[in-house]
Each structure stands twice: as structure tokens, then as C-alpha cells.
Amino acid sequence: MDVDLHPPDDYSHRFFIWHEWIQAHGPLTAENAFDYFTTSMFYDKQSNNQVLRMQTMHTGLPLVNEAEELKRFTGIEFALVHAEPPSLFIIHKRERLSPDEVRPLAVYFILNNRIYQSPDVYTLISNRLLTSLHSLQKSLDTLRSNRPAYTPRTGFVWPIAEPSDAASGKKRAAEGESEPAAEAPEDVPGDRGLAASSKDAKRQQNSMLLLNAMRTTAVHARESFQLPAAPSEEPVPETPVTATAGRSSVTPAPVPRVGTPKGPSNAPTPQDPPVKGPPGGGKKKKKRTSTIPPQTS
């Protein structure tokens, strides 16, 4: 469902033309251009021009100078301010405040027998801004739909591929059909060799840059994600001692002394002090009792 957002009295998106009136009255001139304008929907039937025409309609006397007569009124009026017959006429709609002061309200122009309403500055600027914003939004949508994948090393990079030989051949063929054939310049072997060598050097340089970047990335990844090495349990080989006739710097290891084992000693060692018991907690001596054998009678 189409919704018209223009107000009812806004005819900036419409124009008026009446072919029958043009055929009946002939081409437009400075004298009849305003009469042709009064037949359109842009003309206000309550303006001072219409009031003046109604007052002189039945008198039979034509208006000699309508502009001077309108100075006696105050309110809305129309005036033809510019004329280039038969193609262009400009008409102002204005409010008369005094005989010498008017305030423009709208501008209309007749171009090739068609009457248009001229847009104001606000409408013109807003329309241009909306057009530019629409173009920007469309461009951003196109870029978003064709955006490449993100990589941590380079980010978002659009690959710029050189045109293939088939595409360049088609372009040359199209240019050859549209433009007349021109004499082909003579090929200089030296220039061709220089161009080829420069292209190969540039390609080799790009390859080396890419290879160095890949190596750097691999080393960084290896150092960042490498696990710490476990301690080795292999015995450390002893350094052999070479006997020399002179002074040796190697200190001989102490030889452990082997002695006869001693019996247990009751003396407390200095490291282990004797543990004293509580007072009166020593060993109690047992009383010796003798059993007397029973006498028999």
C-alpha cells in the first residue's frame, strides 16, 4: 500500500499542462501566461488577483495595469516576475503587507507549457542529503557482503588480484570495436625486458616478504606454545680422574673408617638426654618369702 507523505496542499511532486488551452490560445506570451496559470491547481481562488478579476468581470473594462491595482490590497497575490517566451515564465506567490512591502511565499515556473512548483531550500538540501546517504548505505552494504575473513596477522584485507589475460583480452577487444584502429607502436626489446624483469623482481620480493612473515609466525607460535621439558633422570657421567706425575688438583674422597662394633652403652648420648621418670616411680623391690613345708605327724 503506497502512502503519500506530502500534505494535501503540497504540489511540489506534480505538474500541470493543458494541451487544449494551448491549442485554443496559441503559444504562451507575457500577456497570456498568467491567464494560463490561473487554470492550474497552483492558483489560489481567494487571492487578491481573483478578487480584482471578479470586480471587473461585468464592467467590460480590461485591467490596464494589474500590478498597480494590487497595491491597494493587502494579503495573498500572484505576480509574473520573469518571462522568456515561449518556454520559460516565473511567477511568485507573495503576501503584500503594504503598498511597497511584500514577502515571497512560493515560486512557480512554466517550462515548455508545463507548470511546476519550485522546491524551497529546505526541501532541496534534505533531498540531496537523503540521496547521498542512500548511496553511502548501499556502498557499505556491498562492502559488508563481500568482506573477507579476519586474520590476526593482517586483519581485514581485500585481496587485489591482477586482471587475468582473458579479461584483458576481452577489454582490448571491446576497446578495439568502439575506437578506430590505431597504428600499433613498435615494440622495443629493451623496454619489454625491463618491464618483465621489474615484474619478476616485484613478485620475488612479495614472495620473500610472505615467506619471512610465515617463518616469524611459526617461531613465535613454537616459543609461545612449547611445553617445559621434563627433568632427565639419566645419571650424570663422572669425570675420570687422570693420574699425573706432578701435583694433582683433584681432592680424594674421604675413606669411611671401619671399626669394631661396640656394645650398647648405658650412658646417654649428648643428643639424647636421659628421660627421668616421675618421683617415686622407680622399681619396687620384691620381698622374699619362704614357704615352710607342712609337718606331717
Side-chain angles (χ1 to χ4, degrees), residues 1-139 141:
M1 180 179 179
D2 297 337
V3 179
D4 190 4
L5 301 179
H6 298 82
D9 57 345
D10 183 16
Y11 300 106
S12 59
H13 59 291
R14 301 173 60 183
F15 69 91
F16 175 84
I17 186 171
W18 192 0
H19 297 283
E20 292 78 8
W21 196 97
I22 299 296
Q23 293 177 359
H25 297 82
L28 295 179
T29 61
E31 288 74 19
N32 63 359
F34 188 77
D35 295 335
Y36 177 63
F37 178 78
T38 57
T39 60
S40 66
M41 69 279 194
F42 302 107
Y43 182 68
D44 189 0
K45 302 296 183 180
Q46 297 180 358
S47 62
N48 296 338
N49 304 75
Q50 187 66 19
V51 173
L52 188 59
R53 287 171 181 266
M54 293 294 293
Q55 291 178 357
T56 60
M57 180 183 298
H58 303 285
T59 58
L61 299 175
L63 289 174
V64 180
N65 194 351
E66 186 177 0
E68 293 296 330
E69 294 292 335
L70 289 174
K71 290 182 179 180
R72 299 187 294 108
F73 298 88
T74 57
I76 304 299
E77 65 178 29
F78 293 88
L80 180 66
V81 297
H82 183 76
E84 292 182 7
S87 58
L88 179 62
F89 302 91
I90 299 177
I91 299 174
H92 281 186
K93 178 182 180 180
R94 56 196 184 183
E95 181 182 5
R96 179 167 292 277
L97 304 176
S98 66
D100 298 328
E101 184 181 1
V102 292
R103 183 168 62 92
L105 299 178
V107 179
Y108 306 93
F109 60 94
I110 304 174
L111 182 64
N112 297 329
N113 301 332
R114 295 187 178 186
I115 305 176
Y116 301 89
Q117 180 179 356
S118 179
D120 52 2
V121 178
Y122 174 80
T123 306
L124 183 63
I125 294 178
S126 62
N127 189 18
R128 294 295 184 271
L129 288 176
L130 287 176
T131 304
S132 59
L133 289 176
H134 174 72
S135 302
L136 286 175
Q137 184 178 3
K138 189 175 180 181
S139 302
D141 292 341

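Just so it is clear, the structure is predicted and the values come from calculations on it, not from any experiment.
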With rounding to the nearest 0.5 angstrom, report the CZ to CG distance, Arg96 to Asn48.
8.5 Å

Taking it one step at a time, do His82 and Phe109 satisfy side-chain contact (heavy atoms from CB on, under 4.5 Å)?
CA-CA 9 Å; His82 183 76; Phe109 60 94; over 6 Å; no

Distance in Å, Thr38 OG1 paired with Ile91 CD1, rounded so as to fall on 0.5 Å steps
9.0 Å

Does atom CD of Glu20 have more than 12 heavy-atom neighbours from other groups under 6.0 Å away?
yes

Does the ring center of Phe37 lie less than 6.0 Å from the ring center of Tyr108?
yes

Sole candidate of Phe16, Phe15, Phe89, Phe42 that passes ring pair (Phe, Tyr, Trp, His ring centres under 6.0 Å) when paired with Tyr116
Phe15

Between Arg53 and Asp35, does the side-chain contact (heavy atoms from CB on, under 4.5 Å) criterion hold? Intermediate values first, please.
CA-CA 11 Å; Arg53 287 171 181 266; Asp35 295 335; 3.1 Å; yes

Given the rule in the side-chain contact (heavy atoms from CB on, under 4.5 Å) test, do Leu52 and Gln55 qualify, once you have shown the distances and angles that lead to the verdict?
CA-CA 5 Å; Leu52 188 59; Gln55 291 178 357; 4.1 Å; yes

What distance separates Asn112 CG from Leu28 CG, expressed to the nearest 0.5 Å?
10.0 Å

Is it true that, when you exclude Lys138 itself, more than 12 heavy atoms of the residues, nucleotides or ligands shown sit nearer than 6.0 Å to its NZ?
no

Which heavy-atom pair separates Leu111 from Leu88 by the least distance, and what is that distance?
CD1-CD1, 4.4 Å

Main-chain N/O of Phe78 paired with Tyr43 side-chain donor or acceptor, under 3.5 Å
no

Euclidean distance, Leu136 CG relative to Thr131 OG1, rounded to 0.5 Å:
11.0 Å

Atom of Pro104, atom of Val102 and distance for their closest heavy-atom approach
CD-O, 4.1 Å

Give a yes-or-no answer on whether the side chains of Asn32 and Thr29 include a donor-acceptor pair shorter than 3.5 Å.
yes

Work out which heavy atom in Ala83 is nearest to a heavy atom in Pro85; give both atom names and the distance.
C-CD, 3.6 Å

Would you check, one step at a time, whether the test side-chain contact (heavy atoms from CB on, under 4.5 Å) holds for Ile76 with Lys93?
CA-CA 7 Å; Ile76 304 299; Lys93 178 182 180 180; 3.8 Å; yes

Distance, nearest 0.5 Å, that separates NE2 of His92 from CG of Leu105
11.0 Å

If you take the centroid of each ring, where Trp contributes its six-membered ring, are Tyr36 and Trp21 closer together than 6.0 Å?
yes

Measure the CZ-CD distance between Arg94 and Glu101 for me, rounded to the nearest 0.5 Å.
12.0 Å

